[in-house]
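See below for the structure under consideration.
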Number of protein chains: 2
Amino acid sequence: MKRNVIVGQSGGPTAVINASLYGVVYEALNREDACGTVYGMINGIEGFLNDQVMDMEPLERSGELELIRTTPGSYLGSCRYKLPEDLNDEVYPKLFDKFAQYGIGYFFYIGGNDSMDTVSKLSRYAKRTGSDIHFMGIPKTIDNDLVCTDHTPGFGSAAKYVASTVREIAVDASVYDNKKSVTIVEIMGRHAGWLTAASVLARKFENDNPVLIYLPEVAFDPEKFIADVGAALEKMPNLVVCISEGINDGKGTFICELESSVGVDTFGHKMLTGSGKYLENLVKERLGVKVRSVELNVCQRCSSAMLSGTDQKEAIASGAYGVKCAIEGATGKMIGFSRLPGEDYRIDYTMEDVDQICNQEKTVPAEWITGNGSDIGEGFIEYARPLIQGEVKVPTENGLPKFAYRK
Amino acid sequence: MKRNVIVGQSGGPTAVINASLYGVVYEALNREDACGTVYGMINGIEGFLNDQVMDMEPLERSGELELIRTTPGSYLGSCRYKLPEDLNDEVYPKLFDKFAQYGIGYFFYIGGNDSMDTVSKLSRYAKRTGSDIHFMGIPKTIDNDLVCTDHTPGFGSAAKYVASTVREIAVDASVYDNKKSVTIVEIMGRHAGWLTAASVLARKFENDNPVLIYLPEVAFDPEKFIADVGAALEKMPNLVVCISEGINDGKGTFICELESSVGVDTFGHKMLTGSGKYLENLVKERLGVKVRSVELNVCQRCSSAMLSGTDQKEAIASGAYGVKCAIEGATGKMIGFSRLPGEDYRIDYTMEDVDQICNQEKTVPAEWITGNGSDIGEGFIEYARPLIQGEVKVPTENGLPKFAYRK
């Protein structure tokens, strides 16, 4: 029996969340034996509650679906809507009435922790009420912090962007190599330092930039930081230091919050300038050298210029695999990645219990953090290197990348 | 008679300043009729004074020269060294003794205003003393602010980076399109708004993002800005606004300096956070909507991911043309670009008097600034569009761009 399909995106966008969307839609449209209409929900479950849905099939005919593969951001729009913990809440029957109204048999949600929480609740509610709708999670996050999977789609491309950009910043910083300078690069990651750790991939040889790397996993001591920077400047004139936005004192205070205790803007508001800016001022004050801070900002998650071919391929495959598994009867699962042993990088796609994933956070293992908390070791490099391999040609128009837009 | 060649780079790096270096070196190495040894000066004229020179010929044999074409930053290193105004200063005979020592007949300096000032002074000193060394300037600056030329190498690639990145930021900002938001993008340019103006190329249709664009050429009024943003938010939920770092009140005060009058960091220093951060706080205070500021920072000038094919080609050609002209007897000139009339974009390379160029600044014409100072018109778009055309494949190694490094 054919049943309709609905797919949504949730949480922050990545460079390949649309590749996962492509994977789900392409596979579902090609499984005419099992799938009827393929719907996209606009702005996730929140939009769906307001009947914001679109038919995805015309996109395949128009060629737009191909373009979605290389378009960053969330084509369907996103939301940050948390379903109530209480499964007796009235939103659940409302949602399931809507599922019935659209004839939904398969539900796919592409996202991170919070999105897996949504999948978990919907599948638990379905089990309780005897609904036979299949709920599947497709992983996505540049933070790479989902448990039960080797890595997540979105991380590889963000890591490739971070590593290549840090390499370029290091080149830029080195042109006045007759004068000492420090460049501090602030990289996304509140609680997990995976993306900041990826900056180590920019290093070409021992003692090359970035020389110092700090993750939120290790308590950050500004005094030790200044000592580290001072010592490194003895060895090379132009230092590049990478830090996670989430570096903290180990007791719950972010370094960027230290700033706000003093800085006040023209409106009397606390200034929240970020950890990089704070450390820039600290280095200027304490070491008196030329210093600059660079916040990589949203470009880390939305740049299409540094799509990892491996990441894009896996994002598509995980979406398609989710459809296959759902049709075969799976529900309440997230697609996971399992790395196979051996010299060459290979992965198997797995199904993981979504209840085990939501609201958990995977941090960088302590043994991969070296240099007394100021460096990243070979273990991480071996782990991350395969994930940034391969280039993707993004279609261009008039000299600029051409993206797909919802009409 | 064969005479030796020396080439240097000066000022801030760009994505194609090394393409110009390639052009000079490649052409000089291939003009065995006129050119002897081809030297590179390390860290510009400042390094040259300390005998920091390298022989460029081995780079051609090793293949490194090819790699230099797509390497951002200044391969030879840079300096910000201003020669004394007084041509009687002792540095001039010292320099010319060194030129004699290295058998220099042709001197090429790749840079912006300040570098042209160096070429001007050296050629004037040569004229005064009867030296027959040929001094040539090869233009370079992402700021596009050199006079006597249609545009400058470096601008096209930076413009392509800015336009594509702003387009990606707009995609990123639009994913929560059920909530109002403002994203302020701060773009390089202290006095001339060319690069900020290039953000208009990201726009795909009327009223598309970036909706508002502010250049330093027009006096900036924070009250009008807030009114502009408020009005634009009525028409679309997710607004992207682009501003030059150098926006000012028209009376010499930068907007970013307003901030510093109140913000003080933990060390009692004035906070210099930038115009974007200032306006972020202003929008938050006055309009109460979600707001974020993004500073594109050094990536604008050092990203190899968005090299313009046109820009790279012209950078190489201007370097090579400089060599041809010098061999034919020119001195005290900068290579300029003259756009030919007609539908299709074509340029002629010209020779401009370097004395007319140094210490001048070309700003964006008033007639290209529209929307009562908050937008960029069709005139600029027609001017800039050809400069960002064409993609360049950068060699990769292990998933990252592979660059040339001085040993």
Side-chain angles (χ1 to χ4, degrees), chain A residues 12-13 43 46-47 71-74 77-80 160 163-165 167-169 171-172 174-178 201-202 258-259 261-267 269 271 273 277-278 281 284-285 292 294-295 297-299 301-306 308 385 388-391 396 398-401 403, chain B residues 13 43 46-47 71-74 77-80 160 163-165 167-169 171-172 174-178 201-202 204 258-259 261-267 269 271 273 277-278 281 284-285 292 294-295 297-299 301-306 308 385 388-391 396 398-401 403:
Chain A
N43 292 125
E46 194 175 7
T71 297
S74 302
S78 186
C79 70
R80 291 201 185 274
K160 189 180 180 97
S164 63
T165 304
R167 179 171 287 185
E168 289 168 337
I169 289 171
V171 165
D172 187 89
S174 72
V175 306
Y176 299 110
D177 55 9
N178 45 353
L201 300 172
L258 298 179
E259 184 75 299
S261 61
V262 177
V264 175
D265 68 17
T266 31
F267 315 106
H269 291 156
M271 296 275 299
T273 46
K277 200 75 190 171
Y278 176 80
N281 285 327
K284 201 184 294 165
E285 168 72 16
R292 173 201 295 278
V294 180
E295 195 183 337
N297 221 311
V298 293
C299 303
R301 68 183 189 201
C302 68
S303 174
S304 67
M306 278 294 144
S308 151
R385 184 98 74 193
I388 65 163
Q389 299 303 312
E391 280 67 57
T396 56
N398 243 330
L400 294 177
F403 299 140
Chain B
N43 293 125
E46 195 175 8
T71 296
S74 301
S78 185
C79 71
R80 291 199 185 275
K160 190 181 179 97
S164 62
T165 304
R167 180 172 285 185
E168 289 169 336
I169 289 172
V171 164
D172 188 90
S174 72
V175 306
Y176 299 109
D177 55 9
N178 45 353
L201 300 172
K204 299 168 300 299
L258 298 179
E259 184 76 300
S261 62
V262 176
V264 175
D265 69 16
T266 32
F267 315 106
H269 291 157
M271 296 275 299
T273 46
K277 201 75 190 171
Y278 176 80
N281 286 327
K284 201 185 292 165
E285 168 72 17
R292 174 200 295 275
V294 180
E295 195 184 336
N297 221 310
V298 293
C299 303
R301 68 183 190 201
C302 68
S303 174
S304 67
M306 278 294 143
S308 151
R385 184 100 71 195
I388 66 164
Q389 299 303 311
E391 280 68 57
T396 56
N398 243 330
L400 294 177
F403 300 139

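Proteins come first, then strands; the chains are lettered A, B, ... in the order of their sequence lines, and each starts at number 1. Side chains included, hydrogens not; waters and symmetry mates left out as well; all remaining heavy atoms used.
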Donor-acceptor pair, side chain of [X] and main chain of [Y], under 3.5 angstrom:
X	Y	answer
R385(A)	N398(B)	no
R167(B)	L400(A)	no
K160(A)	G399(B)	yes

Q. Where does R292(A) contact chain B at under 4.5 Å (heavy atoms): side chain, backbone, both or neither?
A.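 Side chain of R292(A) only, per the 4.5 Å heavy-atom cut-off to chain B.
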
Q) For Y176(A), is it the side chain, the backbone, both or neither that has a heavy atom under 4.5 Å from a heavy atom of chain B? A) both

Q: Output the distance between atom SG (C299(A)) and atom CD1 (I169(B)), rounded to the nearest 0.5 Å.
A: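 So the gap between those two atoms works out to 4.5 Å.
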
Q: List the steps and the verdict of side chain to side chain contact (heavy atoms under 4.5 Å, CB included) for E295(B) and V294(A).
A: CA-CA 8 Å; E295(B) 195 184 336; V294(A) 180; over 6 Å; no

Q.
Once side-chain hydrogen bond (donor to acceptor under 3.5 Å, both in side chains) is applied, do any residues pair with S304(A), and if so which ones, sequence neighbours excluded?
A.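 side-chain hydrogen bond (donor to acceptor under 3.5 Å, both in side chains) list for S304(A), sorted by chain: E168(B).
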
Q.
Looking only at heavy atoms and a cut-off of under 4.5 Å, which of S78(B), S303(B), G73(B) has the most pairs with chain A?
A. S78(B)

**Q.** Among D172(B), V298(B), T396(B), L201(B), residue most engaged with chain A (heavy-atom pairs, under 4.5 Å)
**A.**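 Highest number of pairs under 4.5 Å: D172(B).
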
Q. Of all of N43(A), V171(A), T71(A), T165(A), which one pairs up most often with chain B through heavy atoms under 4.5 Å apart?
A. N43(A)

